[in-house]
Participant: 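So that we are looking at the same thing, I have put the structure below in structure tokens.
Any value given below was found using the heavy atoms of this structure, including those in side chains, with hydrogens, waters and symmetry copies removed. Quick note on labels: first sequence line is chain A, next is B, and so on, each numbered from 1.
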Protein chains: 2
Amino acid sequence: MRCRHAGSISCVTPLYEQQDDFLAMAESLCRQRQQRFTELRRQVLSLICAAEQPLGAYALLDMLKAKGRSAAPPTVYRALDFLQQQGLVHRLASNNTYLACAHPQQPHEAVFLVCRQCGNTRELHTDGIYRALSRQARDAGFLAEHAAVEVSGLCTRCRDITTPEAAEK
Amino acid sequence: MRCRHAGSISCVTPLYEQQDDFLAMAESLCRQRQQRFTELRRQVLSLICAAEQPLGAYALLDMLKAKGRSAAPPTVYRALDFLQQQGLVHRLASNNTYLACAHPQQPHEAVFLVCRQCGNTRELHTDGIYRALSRQARDAGFLAEHAAVEVSGLCTRCRDITTPEAAEK
DNA sequence: CATGTTATGTTATAATATAACATTATCGAC
DNA sequence: GTCGATAATGTTATATTATAACATAACATG
Ligand SMILES: [Zn+2]
Ligand SMILES: [Zn+2]
Ligand SMILES: [Zn+2]
Ligand SMILES: [Zn+2]
């Protein structure tokens, strides 16, 4: 099942296998929007993108420092704020981590599947869920603006490891 | 629309109008489960229950101290851990607050409607959403165990205040 | 009451995030 | 190019949220 969304990035191929494409797209998006895709912002996005799991702000900070860059907490938080505003990065509230967005071209609501074992996280784009949530909220007199949906559980690999008999079938 | 779930606590009546009932139920639940509903735990639950908005841990801490109790962060975090284990309290990851559960009798998945203006938060019990999430996760090869669903937006009152013309209709 | 267990007190510290202000880079007007 | 405005980054300090570690107290059980 290929991605049906706009843009050149696939839903299924992990972002860290398409880093260059992703960074190029980010740069192009920022240019279109007259926003500056500075070296710092590129570095942070690149680190997030290269990671197999969502990263914490201080992990990013350490990586920046390791690359020889002078950096303090505001350095990374500011870059993260920018990247979130541009829709290039999402924040996971359930574990205070940040990950690259699979579809930065347009605003969207997403569902995150967070493996509690290995931390791998997938972003699903399921407007159905958000519509159902909006409707239920409206029935309760509530005007929904944004939904944070973070599902924790086990990814395929970790489920097979945890319950090896399941892998036999 | 009255609550269709088990227990004596209604979905629609705010918990702070049923504090005594709620505390009595909590005590009874703990007794059934052979868990100790200590004075500290009662106090914390009572404070959470009396609040109109979900409270942060340090707000609770200050309230405990104001009541003359000797307390430090672990005091309140331990009580919160216990109350969460017993299903009496939920934690909202999106704003690091804690609120009393509307249906502590059985484990359940819930949707939280968090007003970004006034902080008022309602707990909806909508198994439909969780089932849909589980199914979508399964289709992606993911075994869902828990879903944190936190919707932010405007409650009835704040929506009317923000856009007064809407209230006219 | 002796004993093991659970809960709480207490001190210190970890982890996450922001405030405030100085400095530097960038951009458009001239 | 120079200038002034704006945006970005550097830097220091601090706020906020949460846990580790160990001591003491309360409770249950025989
Ligand atoms: Zn996304
Ligand atoms: Zn996994
Ligand atoms: Zn609940
Ligand atoms: Zn409100």
Side-chain angles (χ1 to χ4, degrees), chain A residues 26-27 30-48 53-65 67-86 88-99 114 119 148 150, chain B residues 26-27 30-48 53-65 67-86 88-99 114 119 148 150:
Chain A
E27 181 161 19
C30 289
R31 195 164 33 228
Q32 280 171 42
R33 297 171 185 166
Q34 317 228 44
Q35 299 292 322
R36 294 199 226 156
F37 193 59
T38 62
E39 185 53 28
L40 171 65
R41 292 164 177 176
R42 168 189 293 279
Q43 275 184 41
V44 170
L45 185 56
S46 159
L47 289 168
I48 290 175
Q53 288 91 23
L55 297 174
Y58 282 75
L60 285 165
L61 179 56
D62 290 344
M63 291 171 176
L64 283 179
K65 286 195 216 159
K67 287 197 163 192
R69 168 140 210 151
S70 139
T75 312
V76 56
Y77 281 105
R78 288 194 283 228
L80 287 170
D81 286 348
F82 172 84
L83 295 170
Q84 286 176 264
Q85 276 163 28
Q86 299 307 314
L88 293 163
V89 158
H90 294 292
R91 176 176 190 272
L92 296 179
S94 57
N95 61 5
N96 305 317
T97 58
Y98 302 82
L99 77 167
V114 184
E150 301 176 21
Chain B
E27 181 160 20
C30 288
R31 196 163 35 229
Q32 281 171 39
R33 297 169 184 167
Q34 318 227 42
Q35 299 291 322
R36 285 151 61 176
F37 193 59
T38 63
E39 185 53 28
L40 171 64
R41 291 163 178 176
R42 167 188 294 277
Q43 275 184 41
V44 171
L45 185 55
S46 160
L47 288 168
I48 289 175
Q53 288 90 21
L55 296 174
Y58 281 75
L60 286 164
L61 180 56
D62 291 343
M63 291 171 175
L64 283 179
K65 287 195 216 159
K67 287 200 164 191
R69 168 140 210 151
S70 140
T75 312
V76 57
Y77 280 105
R78 287 193 285 226
L80 286 171
D81 286 347
F82 172 84
L83 296 170
Q84 286 177 263
Q85 276 163 30
Q86 299 306 315
L88 294 163
V89 159
H90 293 292
R91 176 177 189 273
L92 296 179
S94 57
N95 60 5
N96 304 316
T97 58
Y98 301 83
L99 77 168
V114 184
E150 301 175 22

Participant: Starting at OH of A:Y77, measure out to CG of A:L61 and round the result to the nearest 0.5 Å.
Facilitator: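 Nearest 0.5 Å value for the OH-CG distance: 8.5 Å.
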
Participant: Between the main-chain N or O of B:Q86 and the side-chain N or O of B:R33, is there a donor-acceptor pair closer than 3.5 Å?
Facilitator: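 Judged by distance alone, yes, a pair lies under 3.5 Å.
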
Participant: Quick check on C:dT8: is either OP1 or OP2 less than 4.0 Å from any side-chain nitrogen or oxygen of B:S70?
Facilitator: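 It does not, given that no N or O in the side chain of B:S70 lies less than 4.0 Å from OP1 or OP2 of C:dT8.
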
Participant: Would you compute the distance between atom CZ of B:F82 and atom CZ of B:R36 and round it to the nearest 0.5 angstrom?
Facilitator: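 Taking CZ in B:F82 and CZ in B:R36, the distance rounds to 9.5 Å.
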
Participant: Atom CD of B:Q34 and atom C1' of D:dC27: how far apart are they, to the nearest Å?
Facilitator: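 Result: 14 Å.
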
Participant: For DNA chain D, determine which residues of residues 37-48 of chain A have any heavy atom closer than 4.0 angstrom to one of its atoms, and list them numerically.
Facilitator: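 Nucleic-acid contacts, sorted: A:T38, A:L40, A:R41.
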
Participant: Mind calculating the distance between CZ (A:R36) and P (C:dC27) to the nearest angstrom?
Facilitator: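 After rounding, the reported distance stands at 5 Å.
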
Participant: Walk along nucleotides 14-19 of chain C from 5' to 3' and tag each nucleotide B, S or - by protein heavy-atom contact under 4.0 Å, base first, then sugar-phosphate.
Facilitator: --BBBB

Participant: Please report the interatomic distance CE(B:M63) to CG(B:L55), rounded to the nearest 0.5 Å.
Facilitator: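 Answer for the CE-CG pair, B:M63 versus B:L55, is 5.0 Å.
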
Participant: Nearest whole angstrom, please: distance from the P of D:dA15 to the CG of B:L61.
Facilitator: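 These atoms are roughly 16 Å apart.
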
Participant: Let me confirm one number: the CZ-CG distance from B:R91 to B:D81, rounded to the nearest 0.5 Å.
Facilitator: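 Rounded to the nearest 0.5 Å, the CZ-CG separation comes out at 10.0 Å.
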
Participant: Round to the nearest Å and state the distance from B:K65 atom NZ to C:dT8 atom P.
Facilitator: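 To the nearest whole Å, that distance equals 18 Å.
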
Participant: Supply the atom-to-atom distance B:T75 OG1 to B:R69 CZ, rounded to the nearest 0.5 angstrom.
Facilitator: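 B:T75 OG1 to B:R69 CZ: 7.5 Å, rounded to 0.5 Å.
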
Participant: Could I get the full list of side-chain hydrogen bond (donor to acceptor under 3.5 Å, both in side chains) partners for A:S46, not counting sequence neighbours?
Facilitator: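 Once residues adjacent in sequence are excluded, the partners of A:S46 under the side-chain hydrogen bond (donor to acceptor under 3.5 Å, both in side chains) criterion are A:Q19.
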
Participant: What is the distance from CZ of B:F82 to P of C:dT5, rounded to the nearest Å?
Facilitator: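 Distance check: B:F82 CZ to C:dT5 P gives 19 Å.
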
Participant: Run the side chain to side chain contact (heavy atoms under 4.5 Å, CB included) check on A:L64 and A:L60 step by step: do they pass?
Facilitator: CA-CA 6 Å; A:L64 283 179; A:L60 285 165; 5.6 Å; no

Participant: Is there a side-chain contact between A:R69 and the phosphate of D:dG10, meaning an N or O under 4.0 Å from OP1 or OP2?
Facilitator: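 The answer is yes; a side-chain N or O of A:R69 sits under 4.0 Å from OP1 or OP2.
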
